[in-house]
J.: 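I'd like to ask you about the structure that follows.
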Protein chains: 2
Amino acid sequence: MPDTNIAEKTREKVLKAAKQLGYRPNLLARSLRMNKSNIIALAISYLENPFYAQVVKELSEQLRATDRHILLFTAPDDNQADPALAKVLNYQVDALVMSGTKASRELAISFKKLGVPIVQINRDSNYPGVSTVQGEDRDAGRIIGRHLLAGGHKRFGFVSGIADSSTSLFRLEGYREYLQSHGIDDVQIAYGNNTFEAAANAVRQLLGSKTPPDAIFCASDYMAFAALEVAKKEFGLKVPDDLSVVGFNDVPAASLSAHDLTTFSQPAATMVEKAIVLVDQLISGQKSRAQHLIVKGELIVRGSSRQAVS
Amino acid sequence: MPDTNIAEKTREKVLKAAKQLGYRPNLLARSLRMNKSNIIALAISYLENPFYAQVVKELSEQLRATDRHILLFTAPDDNQADPALAKVLNYQVDALVMSGTKASRELAISFKKLGVPIVQINRDSNYPGVSTVQGEDRDAGRIIGRHLLAGGHKRFGFVSGIADSSTSLFRLEGYREYLQSHGIDDVQIAYGNNTFEAAANAVRQLLGSKTPPDAIFCASDYMAFAALEVAKKEFGLKVPDDLSVVGFNDVPAASLSAHDLTTFSQPAATMVEKAIVLVDQLISGQKSRAQHLIVKGELIVRGSSRQAVS
DNA sequence: TAGCGTTATGAATACGTATTCAACAATCAA
DNA sequence: TTGATTGTTGAATACGTATTCATAACGCTA
């Protein structure tokens with residue numbers, strides 16, 4: 001280990017070089033030489049949804065501690081990350097973190113071949129080399145089902161994200177499962193695709209049906225805001241008297257009295273923290289196989305859902 | 001120009017190399033050689049404010065058209081971008097775009113020395129080599145002053161961002177100027193520092209005073225949401241009967257009936273578009289001096305402010 | 001003075017790309 | 001056939017860094 005050497009001379013040099021000559025190490029050259037860029041690619045969708053904005057913020061801030069930075073890729077939605085990511089590998093990034101979107105199997109395999117770990121936040125995956133950090137989707141669905149059933153609701157709706165999004169599917173499964181085991185077989189489903197407008201349309205569809213639900217579980221707070229808007233403004237419904245609305249994520253805005261949204265929490269900061277731990281373990285070779293973590297949350301009951309009468 | 005050559009052979013090579021060998025050009029090596037990375041640094045604050053999230057999204061998407069990507073730096077607030085940016089220059093980025101934060105004079109000079117253009121979105125600067133894209137801050141302040149005065153208000157408040165933030169200062173100046181020219185000398189100012197909690201405290205301070213304002217102009221929609229929350233929930237005020245609240249940006253959520261916020265629009269997409277034009281002109285040497293652009297907006301009157309009686 | 005271990009210093013190499021230059025083959029005109 | 005022109009190819013170089021290897025300096029002992 002030839003690195004614990006002279007003190008005075010090195011100090012002199014460092015001082016001279018750094019200050020006097022204004023020396024700036026070229027990080028690109030270093031990366032080229034070291035085969036390590038200290039750059040993490042982040043592929044993300046739905047930045048207008050505060051949950052994902054939080055993910056960006058947290059990842060950037062937490063990564064700063066180790067002098068790493070984010071190369072940002074935005075994807076249109078869950079299934080269209082690949083085109084944006086076509087050239088990620090060319091940047092020699094140390095890892096790829098994805099949130100609100102996912103990699104195709106082919107892309108996952110390309111990454112695996114090159115030894116670049118992929119960690120997905122808030123999406124499932126069983127592709128080789130893809131690790132995940134998820135919330136308690138299925139359990140949360142059950143808990144929300146229980147909460148709504150206990151509130152005396154009769155007809156249940158669900159506003160999903162993109163149809164094949166794992167998070168939406170798991171949440172729906174838990175929801176359905178609980179209701180089914182209590183004699184409710186019918187859950188009306190509409191697709192909000194994680195955008196405000198599509199979610200508003202989905203709610204219009206649900207509430208405009210012959211037997212509109214009196215309880216709607218939305219797969220994200222962001223879509224739940226659209227639900228509240230449409231229900232109150234367009235259908236003149238009182239929340240929670242005529243309709244209960246439940247969201248997911250516990251985004252800060254959910255606690256505003258203007259929304260007062262019942263929701264299931266999913267702490268972005270914690271999820272990002274775990275994702276970074278995974279990235280580090282996978283880069284260092286400490287773990288070689290893909291890991292799958294769950295971050296716990298809890299039901300936050302607020303005014304948008306009718307309470308159980310006891 | 002020796003680039004329009006053989007067709008068959010090149011095709012063969014490309015096909016062989018690209019597909020068969022899985023060749024991936026190393027963008028870092030290319031950048032090193034070309035002295036051009038196709039990477040734009042983005043320094044941004046307040047990602048929890050949807051306006052800035054929009055900026056990130058727009059910049060990323062618009063940059064994709066030219067195959068450039070964002071290296072992301074998040075700063076705690078207006079005045080603390082420098083530490084985060086300490087090593088930007090080492091990445092050989094082609095330009096630095098800043099929004100919601102600004103560079104120090106020293107940093108600006110470092111960038112100028114190295115020929116790396118800086119473009120600030122939504123912040124002013126007269127530092128050498130720093131271009132800006134701003135909204136109509138001063139005019140907007142005047143227009144909001146006129147709107148509120150016409151609404152019959154008597155006591156005027158202002159919730160500012162960080163004290164020395166140029167946008168807040170300009171907006172306040174226009175606001176004050178209009179009111180002053182109509183005989184109102186007193187504007188009560190409190191500092192919300194662009195965070196929700198600080199804005200809530202600022203509003204508590206304003207509304208808790210002996211002569212609380214009946215009109216509050218907040219320097220951002222995000223802070224205006226805090227104002228609405230505090231006014232309604234903690235002070236039991238009716239908006240706009242007891243208090244009018246006006247924001248700035250016309251963030252999508254402002255149009256929700258839950259907020260129904262009167263505001264002055266500032267289109268993020270357009271601002272980003274102009275910023276990219278500036279970046280391109282400055283990189284190509286088409287323009288050498290710093291440029292300063294204004295993007296127009298308009299007053300969007302909604303239910304959070306009392307209307308003029310005619 | 002030669003020999004030894006420690007430590008500093010200098011030169012060389014490689015990372016993967018783009019550019020440049022020289023060499024070479026092929027085509028065509030004289 | 002020769003010369004000129006054009007097109008094609010290969011080798012060399014440079015970008016800025018980290019590593020490696022060899023050399024040189026130093027203090028000490030035999």
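Computed from a prediction, not measured in an experiment: that's the story for all the values here. Residue numbers start from 1 in every chain, and the chains themselves are labelled A, B, ... in the order their sequence lines are given, proteins ahead of strands.
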J.: State whether B:Tyr91 places a side-chain N or O below 4.0 Å from either non-bridging phosphate oxygen (OP1 or OP2) of D:dG16.
T.: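 B:Tyr91 to D:dG16 OP1/OP2: no side-chain N or O under 4.0 Å.
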J.: Rounded to whole angstrom units, what separation is found between the CZ atom of A:Arg30 and the P atom of C:dG16?
T.: 18 Å
J.: Could you state the CZ-P distance from A:Arg24 to D:dG16, rounded to the nearest angstrom?
T.: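 It is 15 Å, rounded to the nearest whole Å.
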J.: Between B:Leu85 and B:Met98, is any pair of side-chain heavy atoms under 4.5 Å apart?
T.: yes
J.: In whole angstrom, what separates B:Leu28's CG from C:dA14's C1'?
T.: 16 Å
J.: Would you compute the distance between atom CD1 of B:Ile121 and atom NZ of B:Lys102 and round it to the nearest 0.5 angstrom?
T.: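 If I round to the nearest 0.5 Å, the distance is 15.5 Å.
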J.: What's the angle between the local helix axes at either end of the helix from C:dT1-D:dA30 to C:dA30-D:dT1, using five pairs per end and rounding to 10 degrees?
T.: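 For the helix from C:dT1-D:dA30 to C:dA30-D:dT1, the axes at either end differ by 80°.
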J.: How close or far is atom P of D:dA14 from atom CD of B:Gln92, stated in whole angstroms?
T.: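 Rounded to the whole Å, the gap is 19 Å.
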J.: Does any pair with a residue in residues 87-129 of chain B pass ring-ring contact (aromatic ring centres under 6.0 Å, His included), and if so which ones, sequence neighbours excluded?
T.: A:His69-B:Tyr91
J.: Between B:Pro267 and B:Val295, is there a side-chain heavy-atom distance shorter than 4.5 Å?
T.: yes
J.: Looking at CG of B:Leu72 and CD1 of A:Ile39, how far apart are the two atoms once the value is rounded to the nearest 0.5 Å?
T.: 12.0 Å
J.: Mind calculating the distance between CG (B:Asn26) and C1' (C:dA14) to the nearest angstrom?
T.: 13 Å
J.: Does a side chain donor of either A:Arg123 or A:Thr167 reach within less than 3.5 Å of an acceptor in the other side chain?
T.: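 A:Arg123 vs A:Thr167: donor-acceptor pair found between side chains.
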J.: Near DNA chain C, under 4.0 Å by heavy atom, which residues of residues 32-40 of chain A?
T.: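 Only A:Leu32, A:Arg33 qualify.
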J.: For A:Asn249 and A:Tyr222, does a side-chain donor sit closer than 3.5 Å to a side-chain acceptor?
T.: no
J.: Using a strict cut-off of less than 4.0 Å between a Lys/Arg side-chain nitrogen and an Asp/Glu carboxylate oxygen, indicate whether B:Asp94 and B:Arg68 qualify as a salt bridge.
T.: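 Result for this pair is no, no salt bridge flagged.
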